[in-house]
Amino acid sequence: MSTETTRTTPTFASRLVPSVVRQSHGLQRFMLLLGFVIIALFVLVAVFAPWIAPYGFNQDRADGVVFGAQQAPSAAHWLGTTVGGTDVLSRVVFGTRTAVEVIVLAVILSSVVGVPLGLLSGFIGGAFDRVLVLVMDALYAFPSLLLAIVVSIVLSGGSSGAVGGILSAAISITVIFIPQYFRVVRNATISVKVEPYVDAARVVGVRTPRILGRHIFSNVAQTLPVIATLNASEAILTLAGLGFLGFGIEPSAAAEWGYDLNKALPDATNGIWWTGLFPGLAIVLIVLGVTLVGESLNDILNPLLRTRSAETSHDVEELEEVVAEVEADAPATPAVSTRPRDPGGPPDDPGRRVAALSLTDLAVSFRTDAGPVEAVRGISFDVAPGEVVAVVGESGSGKSVSSRAVLGLLPTTASVSGSALLTRAQHGGDQHRDEEPRELIGMSNADLRPIRGDEVSMVFQEPSTALNPVYTVGWQIIEGLRAHDSSLTKKDARTRAVELLDLVGLPDPEHRVDYYPHQLSGGQKQRVVIAMAIACDPDVIIADEPTTALDVTVQAAILELLLSLRDRLGTAIVLITHNMGVVADVADRVMVMYRGSIVEQADVDALFSAPKHPYTRALLDAVPHLGREDGPGEVAGSADVVLQVQDLVVEFPGRLGQPPFRAVDDVSFQIRRGEVLGLVGESGSGKSTVGRTTVGLQQPTSGSVSVSGTTVSGLSDKELRPLRKRFGFVFQDPAASLNPRMSISGCIGEPLRTQTDQSEQQVEARVAELLESVELPAAFARRFPHELSGGQRQRVSLARALALDPDLLIADEPTSALDVSVQSRVLELFVELQQRLEFACLFISHDLAVVDSLANRVAVMQHGRLVEIGPREAVLGSPREEYTQRLIAAVPVPDPAEQRRRREARGSLLTDVD
Amino acid sequence: MSSAEILGPTDPPVAEPPRRRRGGPHSRLRSPLVRYLLVRLALVIPMLWILVTLVFVLMRVIGDPITAANGGRLTPAQIAERKAEAGLDRPLIQQYWEYVTGLLHGDFGTTLTDHRPISDILVVNGAATLELSIYALVVAFAVGVPLGRLAARYRDRWPDVVLRLFSILVYAAPVFFVGLLLKLAFTPFGWPSSGRASTTTELALEDVSPKTHIYLIDSILYGDPGYIWDVVQHAILPAVALGLLTGGVFLRLVRINLLQTLRMDYVTAARARGVSERRVVRKHAFRNALVPVVTVMGMQIAMLLAGAVLTETTFEWQGIGYELAQYLIKRDFLAVQGIVTLIALVVCLASFLIDVIVALVDPRVRF
């Protein structure tokens, strides 16, 4: 970025540039700085052109002596003279001035027009947006140089010569850049517009111009330096192109490189090299400088290309705090992590046990820009055939990294040490029993390849990204089969793929084998991923959070499938998860990981009944448990009704020619003062839409919503604004619901500043008070969201939601993005505040156990309809509806004995719901 | 010459639904290929209309074409007479109507200065531009795709650094400067550096057997190896100049998209099931990386045409761009209007074709 473009966005650039240099490394930084140096040089030349150039740009004689045309470089004319008899060096120097002037003007003009247009178009949407997009696309598709020529003729060559040469050239170039700014800003606006922090601002009644400025523009502006630099280089090339074709600046008005190149063109065939070479090199060099800066900025700012680890230290600190707290409560017994005693093992396991996979002192560290980060610090465990070993831990504990290290699937920035021995046992009878164990760590990619998928395979967390969208699922299964058995014919492989899909319970496998991943549901995709994992009868399956992305009923079915495969094929399974319920449900043995080490390993029953390490105890204490006896009861029927939802219907328009999609279908309920209504349902059940409609983020198609007796549905934004102080909203993802560019004080104070006339001191005082009530130090007010941990951020959103003392609080999955030990502390705080302030609360969650711990009443939604509503202990304890029964049966409870009983009891209730 | 070829792949998709539901069944909501293409085709029409109208308006803002072309040389009475003759004294809306209906019948108008039908320019000079564009695309692919893969493979190591510098240099050097350097370098060896063929070849191909107006095909049909060699020789320098420009863009696009897809889960998943590294790159990363590359290529067509104006002027290659520049200099705005409209048509059709290709590569669009 040149100093000129910096000037257009001073506050932003001054904040950005140093951080960009800090974020860059090695080569990137070199390219960035080189670019800056080149640009600075050109700017200096431009500014001091009259002093640097030996002659004037149109001067063809000095002291009455004519220079002469096409003179070769000499002492008097270092770069020779042109065909017009002027000094080449002087023309190049003055050309720099022209170029810099035009760039600066063009970049300023086009951003001044394009950015607001893009913001408005993206924000307002609708017909306005569609028409603008069409016009801009048409302009964009058109060859830009031709457009610039036409505009420059309109401006100067036509009837009027009102605009000066440089300005007219800049305007011609501007016209072709406006669509680019427009497109980028519009697209960024559209993606920022749906960010929770923009919703959060709308919920508290922030006016549109402020939302556009404070919340959207400040975040969209990140992309602008990149476009500005890239446009600057195009501006130079377009200017030169115009000059070359003879439509640029009048030759008498200023020196211009493109014009000079045109004049030099005939010279090229005559061996006169100096007239064209130098202006051309000037163009190349300045474009090079600007492009280097733009490219490195793009590279550095593109999150997809970063090599750094995303893990924040704040979350680690928070976990340490939790553990410290538990240790303080009960002094730690020495954490004995013994090698396994006799493992549970599968029932049909013969007395002698051969570990299929055995890890010893496995350690992984990553090279990052901030120095090496130790992700796994020497862990050891093994897994036997037919055994399920669960590796539990919270985010950043290193559980996924260790499993990927085994298969050599980590990026090149990782270094792995220790040992992972793979023993191929009991395969095809006894003859392989004594086969030598092989060391996987340090094995080359080529040697590992036959092992991957054939002997050790993986199941991934997110089935929608683990399948390649451009190939059919059958193709991908066949690919894996043929990678290990090249003699397999395509036809046989296909038959086998169909068999595998049938085996994992995908209905209608003969047809579905030809489906593309996006044609299957999430659970079906995970079945396909599992089919791939078992395709070659592996000895070990590493399942990395295989059910985390799935709904609870689908999760139960997938776990069922994994267990049945273990029983049928005798596979060893390493199950990586953070969900203690899943662990209790399926694991034989458990490894608890904490900050890269295994802090405890035990059989599943021992772990849950007598956890030894403080962290394990903290973790188990924190897990909400469905079916507690001591949950909250009903509130008195005499309390005021705060929220009344009546016959609510919300429809979303369908695609062209499709019927509208009914997200909420005839839902009615009410919440009284001091009451918490837990709204539960699986993804797509419409529960979030109910919450959004309640606070006016979504208009109902029919039906009504009233808060404290005032109807709020169907009101315009303006009419709704004074009512906004009656409700608060807590969003799912604390990282996304706080504007990254606003301080904590700004975030919490925004509702106060919008809704009240309090002075700045009063607001600050109230912010401090609110911070205290959510148990955060007052000094946090000056921090920015990224400096806080996940749990702290969610406390801040809670403080913001409570800033105006609302009658009603809507919490949409407030803790689902948090680790379980952090979640429990946030929930505790929430319950305490709710009891103290007595607000009514609609608590939306997919997690029945969480709802069970804090709701007075529970409502269950499915496919947009309210299935069941009633007191907590009735709905969750003895549900009447079959769907509720299924939902509850599917939830694994963190208690192996109880879960075993539940598993048997549920029997046929849980049929596949895919 | 557009920033979007770099920013393009990172732009959020325009029509992405705001919230992604976890694994919801959305397969039934997808429209089939035919519907997709019909919608795309329907979008071409308003786009074309906007461009045609824009060209018309801009050309009339300049002033009337007769005065522009002959100002100063004719008396006001003569100008008025000529305007009446060309129908330019009638109301603007009527002229616009006739212009648009004329276009619908395939009548692009006639040039003012040499009374040549624009459709004739399309046939003769259009073929020349098409020929040059194809050569340039061949060069661009040959340079951009393999080198982009190489750069991605050696990310942040020296081949990557060299190739990225190369791509920036190629982008930074205007096509007419590259042309000038090529001329400087090759004319001393007597290599032809202007025109589409030497005079004798041209006479033979244009007057004796004009068939496709694509010289390479015509000369092959004519069957004289001397002519073929002459045509090839003339084509190489302009094709390299224009092709390098586009090739640099391809290189960067392929590199960045390949790097992004190589980080996808499905690539790790493919490795985890034992697929060989070569196959992972070829089948999984490369094909997926091509989707955005193809999309941006649609925009490159416009860039190629703009570049062609400069390249054709540099090498006196008598294509549409060369003619356009000549008519612009002569201030023949009826000719300019016709040619620019023609280019708009080509751009719209190209963007539609690109949509078809994207649909063929990406099944998510198809179903």
Side-chain angles (χ1 to χ4, degrees), chain A residues 27 134-135 138 141-145 150 153-154 158-159 180 184 187 191 194 227 230-231 234 237 240-241 244-245 261 265 268-269 273 276 280 283-284 287-288 291 298 302 304 407 409 449 452-454 458 460 465-470 479-480 483-484 516 518-519 521-522 532 549 683-684, chain B residues 1 3-4 6-7 10-12 14 18 21-25 27 29 46-47 50-51 58 61-63 156 161 168 171-174 176-177 180 183-184 187 259-260 265-266 268-269 271-277 284 287-288 302 305-306 309-310 313 325 340 343-344 347 351 362-364 367:
Chain A
L27 179 70
L134 204 60
V135 172
F142 198 70
S144 56
L145 186 66
V150 172
I153 291 175
V154 171
S159 39
Q180 299 181 9
V184 174
N187 290 351
S191 64
V194 297
I227 324 171
L230 294 171
N231 272 358
E234 279 171 57
L237 292 173
F244 179 76
L245 291 174
L261 272 167
L265 199 58
T269 38
W273 50 271
I283 297 175
V284 174
V287 176
L288 181 74
T291 312
N298 195 29
N302 187 348
L304 283 171
L407 280 180
L409 292 175
R449 195 197 61 75
R452 291 179 187 154
D454 191 32
M458 277 192 86
F460 292 84
T465 59
L467 295 172
N468 190 332
V470 308
E479 181 184 41
H484 298 290
Y516 287 95
H518 69 266
Q519 296 170 293
S521 75
M532 285 180 191
S683 55
Chain B
M1 290 176 239
S3 64
I6 292 150
L7 289 166
T10 56
D11 283 354
V14 181
R21 294 181 188 283
R22 285 182 298 171
S27 49
L29 294 174
M47 191 161 146
I50 289 172
L51 282 175
L58 281 176
V61 170
I62 298 173
D156 287 346
V161 177
I168 294 178
Y171 165 78
F176 45 88
F177 180 53
L180 184 133
K183 282 184 170 207
L184 267 177
T187 36
L259 283 178
Q260 286 184 357
D265 273 0
Y266 53 75
T268 313
R271 285 196 188 118
R273 60 176 181 267
V275 178
S276 69
E277 194 56 34
H284 289 272
R287 175 151 175 201
N288 292 58
L305 280 171
V309 176
L310 295 169
T313 310
V340 171
I343 291 177
V347 166
S351 77
D362 188 345
R364 284 167 295 183
F367 290 95

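A, B, ... follow the sequence lines: proteins, then strands. Residue 1 opens every chain. The basis for the numbers below is simple: all heavy atoms, side chains too, and nothing from hydrogens, waters or symmetry mates. Quick caveat: nothing in here was measured; it's all calculated off a predicted structure.
No other option in B:S276, B:A325, B:P46 has as many heavy-atom pairs under 4.5 Å with chain A as B:S276. Across B:V275, B:V340, B:V309, the residue that shares the most heavy-atom pairs under 4.5 angstrom with chain A is B:V275. Each of B:I168, B:I343, B:T313 has some count of heavy-atom pairs under 4.5 Å with chain A, and the biggest count is that of B:I168.
Contact of A:N468 with chain B is made through backbone and side chain together, with heavy-atom distances under 4.5 Å. For B:I50, the part lying under 4.5 angstrom from a heavy atom of chain A is the side chain only.
Nearest heavy atom pair, residue A:V284 against residue B:P174, reads CG2-CD, 4.4 Å. The two residues A:P469 and B:Y266 come nearest to each other via the heavy atoms CD-CE2, 3.5 Å.
By the 4.5 Å heavy-atom criterion applied to side chains, A:L261 and B:F177 are counted as neighbours.
Applying the side-chain contact (heavy atoms from CB on, under 4.5 Å) rule to A:A483 yields the partners A:R449; only residues at least two apart in sequence or on another chain are considered. Residues that satisfy the side-chain contact (heavy atoms from CB on, under 4.5 Å) test with A:L409, not counting sequence neighbours, are A:R404, A:L407, A:R452, A:M458, B:T268, B:R271, B:A272.
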